[in-house]
Engineer: 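Have a look at this one before I ask anything.
Below, all heavy atoms of this structure are taken into account, side chains as well, without hydrogens, waters or symmetry copies.
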Amino acid sequence: MSKINLLLIGLLSSWALPTSAQTNGSFPNADLGELSQREGKLTAENCAVKYIRNVNIPAEVEGKLVELKIEEGMLVQAGDVIAVIDDTSATLALNLKQAEEKEAMLNADNDVNLKDAINSEELAKAEAESFRVLHRKGATPFYEMQKKVLEAVRAALRIDLAEMQKKIAEAQYIAKRNERQIAEFELRRRKITATFDGYVETRVAQLGEWVQPGSPIATLVQLNRVRVEGDVNAMEAGDAINAGTPVTVRVRTSYDNVLEIEGTVGFVSNEIDLRDRFRVWADIENQRSPAGGWLVKPGMKAEMTFH
């Protein structure tokens with residue numbers, strides 16, 4: 001075979017390689033924007049994957065850490081207890097407030113004084129009426145009759161006083177109940193919980209360490225959903241992109257693989273920079289790798305194609 005024929009075969013083989021390299025959503029040795037540029041679709045530039053939630057979980061009260069239930073790399077659920085601050089004093093305070101609430105409740109439910117006042121009033125009224133009859137018959141002086149009448153009035157006032165005291169006792173019970181609830185809240189604040197489902201990226205605190213309010217215990221990040229953020233040319237886009245616009249996100253997960261995920265635009269900035277670009281982002285569902293990790297990680301380069 002001549003050298004010219006060999007050269008032609010080599011050139012034809014090199015031209016044919018790119019058409020057979022695309023398999024299973026992977027685009028080896030291709031730029032992220034290359035396919036979209038071929039399709040003539042609007043894309044965002046300078047895209048990168050970011051966290052939606054990246055939170056330092058803090059201590060809310062001061063004290064010594066007596067339990068630390070997390071390590072870096074652990075998955076936690078919202079509401080899981082990740083650390084406990086010494087709660088001895090808070091527990092004792094709660095026990096005291098529970099006892100005081102019980103006492104106030106008994107006082108509020110006690111109506112013995114009110115019943116006694118009602119009975120006393122009925123007796124005083126009966127005596128006053130008897131003395132009126134005796135006075136009309138001349139059997140008792142006026143001042144004795146008047147004394148019994150005033151005692152009946154006093155007995156009526158004692159009913160009002162008993163009712164007022166019962167209302168005061170009920171108000172005191174409400175106050176003690178609120179104090180008990182505050183004590184329960186203070187006890188709960190010593191249990192540091194995860195605020196969302198996430199991944200422990202960093203454990204800051206150490207078991208036995210004395211922490212202050214606001215001291216970070218651990219850094220918790222969300223990885224089941226991530227955010228892809230980029231810039232769009234305002235002159236090309238016009239008003240075609242809005243929140244809710246369908247978007248295809250391509251994320252380069254390795255040198256020879258690009259992962260495609262469908263989503264929608266979550267935010268479009270109204271501010272245009274000096275390069276005639278505005279910021280957009282879309283949240284996407286992350287995917288698990290066969291090894292159990294996450295395929296898309298914050299910091300990866302990406303591209304967004306708008307439909």
Side-chain angles (χ1 to χ4, degrees), residues 21-37 41-58 68-80 82-83 192-205 216-232 241 243-269 277-307:
Q22 178 178 333
T23 57
N24 298 326
S26 299
F27 308 98
N29 304 321
D31 291 335
L32 287 172
E34 184 176 343
L35 292 175
S36 296
Q37 290 173 1
K41 293 181 178 179
L42 183 63
T43 62
E45 300 178 355
N46 305 318
C47 297
V49 180
K50 297 185 176 182
Y51 290 114
I52 297 176
R53 291 180 177 179
N54 183 356
V55 179
N56 289 326
I57 305 297
L68 195 57
K69 301 184 177 183
I70 56 169
E71 290 292 343
E72 293 179 347
M74 289 181 58
L75 294 174
V76 296
Q77 302 292 322
D80 286 352
I82 63 177
I192 304 168
T193 59
T195 54
F196 56 90
D197 297 350
Y199 176 86
V200 180
E201 182 71 18
T202 307
R203 180 175 63 82
V204 181
I217 303 300
T219 301
L220 190 64
V221 298
Q222 182 181 8
L223 288 176
N224 60 336
R225 284 178 63 83
V226 291
R227 177 165 295 170
V228 179
E229 185 176 304
D231 300 324
V232 176
I241 300 176
T245 299
V247 62
T248 298
V249 178
R250 293 187 177 97
V251 182
R252 183 173 291 283
T253 59
S254 64
Y255 285 120
D256 59 354
N257 186 69
V258 174
L259 182 67
E260 280 194 4
I261 303 174
E262 300 298 324
T264 57
V265 174
F267 170 79
V268 178
S269 175
R277 300 181 186 277
F278 59 85
R279 183 171 62 93
V280 298
W281 57 251
D283 293 344
I284 59 174
E285 296 290 337
N286 207 343
Q287 298 180 16
R288 288 281 194 176
S289 67
W294 298 100
L295 289 177
V296 181
K297 298 179 175 63
M300 286 182 171
K301 294 181 179 179
E303 183 211 39
M304 288 188 286
T305 301
F306 305 98
H307 304 288

Engineer: Taking side chain as C-beta onward, heavy atoms only, is Phe196 less than 4.5 Å from Val55?
Structural biologist: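 Counting from C-beta outward, Phe196 and Val55 do come under 4.5 Å.
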Engineer: What residue among Lys301, Arg279, Arg277 forms salt bridge (charged side-chain N to carboxylate O under 4.0 Å, His left out) with Glu45?
Structural biologist: Arg277
Engineer: Any heavy-atom pair between the side chains of Phe267 and Arg227 that's under 4.5 Å?
Structural biologist: no
Engineer: For Pro290, is there any backbone N or O sitting under 3.5 Å from a side-chain donor or acceptor partner on Arg288?
Structural biologist: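 Pair absent, no side-chain N/O of Arg288 close to backbone of Pro290.
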Engineer: Kindly determine whether Trp294 and Val226 satisfy side chain to side chain contact (heavy atoms under 4.5 Å, CB included), including the steps that lead there.
Structural biologist: CA-CA 11 Å; Trp294 298 100; Val226 291; over 6 Å; no
Engineer: Side chain to side chain contact (heavy atoms under 4.5 Å, CB included) for Ile82 and Thr193? Distances and angles first, verdict last.
Structural biologist: CA-CA 5 Å; Ile82 63 177; Thr193 59; over 6 Å; no
Engineer: Between Glu229 and Trp281, is there a donor-acceptor pair closer than 3.5 Å when you use the side chain of the first and the backbone of the second?
Structural biologist: no
Engineer: With no hydrogens and no angle check, is any side-chain donor or acceptor of Asp197 less than 3.5 Å from a backbone partner on Ala78?
Structural biologist: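 Side chain of Asp197 to backbone of Ala78, a donor-acceptor pair under 3.5 Å: yes, one is there.
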Engineer: Quick one, His307 and Thr248 - any side-chain contact, counting heavy atoms below 4.5 Å?
Structural biologist: yes
Engineer: So, does Asn286 use its side chain to make a donor-acceptor pair with the main chain of Leu223 at under 3.5 Å?
Structural biologist: yes
Engineer: Is any NZ, NE, NH1 or NH2 atom of the basic residue among Glu303 and Arg250 found under 4.0 Å from an Asp or Glu carboxylate oxygen of the other?
Structural biologist: yes
Engineer: Side-chain contact, heavy-atom cut-off 4.5 Å: Leu220 with Val200?
Structural biologist: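 Answer yes - side chains close enough.
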